[in-house]
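In what follows, a single structure is set out as structure tokens and then discussed.
Any value given below was found using the heavy atoms of this structure, including those in side chains, with hydrogens, waters and symmetry copies removed. Chain letters run A, B, ... following the sequence lines, proteins first and then strands; every chain starts at 1.
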Protein chains: 2
Amino acid sequence: MGTGATGTAIRAAALELFAARGYEGTTMADIGAAVGIRGPSLYKHVASKQDLLVELMTTTMDGLLELQRVALAGTADPVERLRRAVDAHVRFHARHRLEAFVGASEMRSLAEPHRGTVLGKRAEYERSFRRLVEEGVAAGRFRVPSARLASYAILDLGMGLATWYREEGELSENEVVWQQTEFALRLVGAG
Amino acid sequence: MGTGATGTAIRAAALELFAARGYEGTTMADIGAAVGIRGPSLYKHVASKQDLLVELMTTTMDGLLELQRVALAGTADPVERLRRAVDAHVRFHARHRLEAFVGASEMRSLAEPHRGTVLGKRAEYERSFRRLVEEGVAAGRFRVPSARLASYAILDLGMGLATWYREEGELSENEVVWQQTEFALRLVGAG
DNA sequence: TCGATCGGCTAACGACTGCTAGCCATCGGA
DNA sequence: TCCGATGGCTAGCAGTCGTTAGCCGATCGA
């Protein structure tokens with residue numbers, strides 16, 4: 001059944017190229033060259049260029065949602081719930097910066113119906129964060145002018161990592177995660 | 001000398017299309033259609049498609065830097081300085097969401113040497129924000145684990161507007177600006 | 001009135017794109 | 001040993017793109 005390793009290598013190369021040059025700016029020949037084969041040979045492993053993007057974006061959103069689900073399971077305290085959700089959010093963006101960057105900037109290149117699906121997952125993710133803030137406000141633990149704006153701010157905090165975070169940077173993943181979580185809690189007035 | 005209005009209309013149409021479909025995903029025919037002419041006719045008004053992007057991105061960064069300069073002029077108090085810088089930052093992103101979005105996501109489509117120029121301006125803008133945080137820390141008015149991370153967080157807060165802010169939204173520009181400024185001050189522990 | 005300029009247009013070039021067709025070497029299992 | 005599957009390859013199709021060339025009607029100052 002072959003090694004199957006090439007399929008993974010192709011997806012990894014596509015991710016890196018989509019992040020660096022954009023979906024439209026990346027050719028199948030580019031992706032092929034990155035794994036040592038010609039463009040047309042790619043079609044022995046993947047159905048189409050669009051398929052590469054679809055799979056990349058849906059698995060990214062699924063991973064993010066799953067991580068959040070796990071982080072929130074079995075915890076009732078609003079402050080602790082937000083802390084865990086932000087931890088998962090930031091950690092995911094640190095570990096998958098390229099996926100996050102492509103996910104945010106290439107939504108337009110995603111064809112229907114997948115575009116709608118991914119947008120739906122993203123809306124669900126955001127709604128979940130807003131609810132976390134509202135829970136904290138209702139419990140008298142947070143103090144914010146607008147739960148919507150606060151949740152957007154927290155989401156943006158983590159998504160920003162996609163731009164500036166580097167694994168080789170001077171700050172470790174844990175340090176960044178801790179500080180961003182601290183920022184998020186200060187932001188909602190739970191410091 | 002003609003009206004000159006067409007040149008402006010072309011730039012406005014290009015901005016909207018670049019934001020919606022991306023630079024590579026936008027054709028000269030698209031831009032022409034948006035202003036009621038054919039693709040090739042555009043060359044009576046602009047030098048090239050790349051020129052459209054170059055001008056868009058440099059004027060955006062210049063506007064952002066100039067606004068920051070004005071905001072900081074003649075104020076010494078670190079808290080007030082950060083407050084004004086964040087106000088300008090957020091207000092700019094609210095008023096020029098499309099420019100900000102294109103500026104952030106189409107850097108890759110910008111050819112050298114303009115890419116280097118714009119990146120330099122952006123680095124200067126970021127450095128200025130970091131210095132503001134460091135000033136506040138040095139004066140004992142802010143309390144942050146890392147000035148670098150705090151300044152990134154503040155920058156991301158405003159840049160996020162590019163994604164979710166809408167003029168027709170329920171929150172007015174002033175409300176959003178005020179709340180984001182509040183968030184930024186909480187974030188650096190100056191609440 | 002006349003001639004230049006302005007700003008549209010179509011035709012077309014040359015390069016490039018995603019993808020298909022079809023060929024062939026390699027190699028593991030029967 | 002041989003046969004089929006695997007996974008490379010080149011050639012090429014059918015389009016699209018940015019851009020140039022060259023044409024022509026309208027407008028306007030002299």
Measuring from B:I37:CD1 to B:I10:CD1, what's the distance to the nearest 0.5 Å?
5.0 Å
Minimal non-hydrogen separation, B:R115 against B:L110, with atom names
CD-O, 3.3 Å
Under the 3.5 angstrom rule, does the side chain of A:T26 hit a backbone N or O of A:L17 as a donor-acceptor pair?
yes
Shortest non-hydrogen contact between B:S105 and A:R108, atoms and distance
OG-NH2, 3.9 Å
Within residues 18-32 of chain B, residues whose heavy atoms come under 4.0 Å of DNA chain C:
none
A:G136 and A:P78: which non-hydrogen atoms are nearest, and at how many Å?
CA-CB, 3.8 Å
Of all residues at least two apart in sequence or in a different chain, which pass the salt bridge (charged side-chain N to carboxylate O under 4.0 Å, His left out) check with A:R69?
A:E66
Let's see if you get this right: which residues in residues 47-60 of chain B place a heavy atom under 4.0 Å from DNA chain D?
B:S48, B:K49
Please work out the stems of DNA chain C from pairs that are Watson-Crick or G-U wobble with both distances under 3.5 Å, keeping only runs of three or more consecutive pairs.
C:1-30 with D:1-30
Would you check if the side chain of A:T59 reaches a backbone N or O of A:E55 as a donor-acceptor pair within less than 3.5 Å?
yes
Minimal heavy-atom distance between B:T75 and B:R81, with the atoms involved, is O-NH1, 2.8 Å
Under 4.0 Å protein heavy-atom contact, by nucleotide of nucleotides 8-14 of chain C - B base, S sugar-phosphate only
BBBB---
Can you check salt bridge (charged side-chain N to carboxylate O under 4.0 Å, His left out) on A:R131 and A:E135, steps first, answer last?
CA-CA 6 Å; A:R131 227 177 298 119; A:E135 281 174 20; 5.9 Å; no
Any pair with a residue in residues 115-161 of chain B that passes ring pair (Phe, Tyr, Trp, His ring centres under 6.0 Å), sequence neighbours left out, goes on the list, sorted by first then second residue, please.
A:W164-B:Y152, B:H89-B:Y125, B:H89-B:F129, B:Y125-B:F129
Using side-chain heavy atoms (C-beta onward) and a distance below 4.5 Å, is A:M61 in contact with A:T117?
no
Any donor-acceptor N/O pair, A:K49 side chain to A:Y23 backbone, under 3.5 Å:
yes
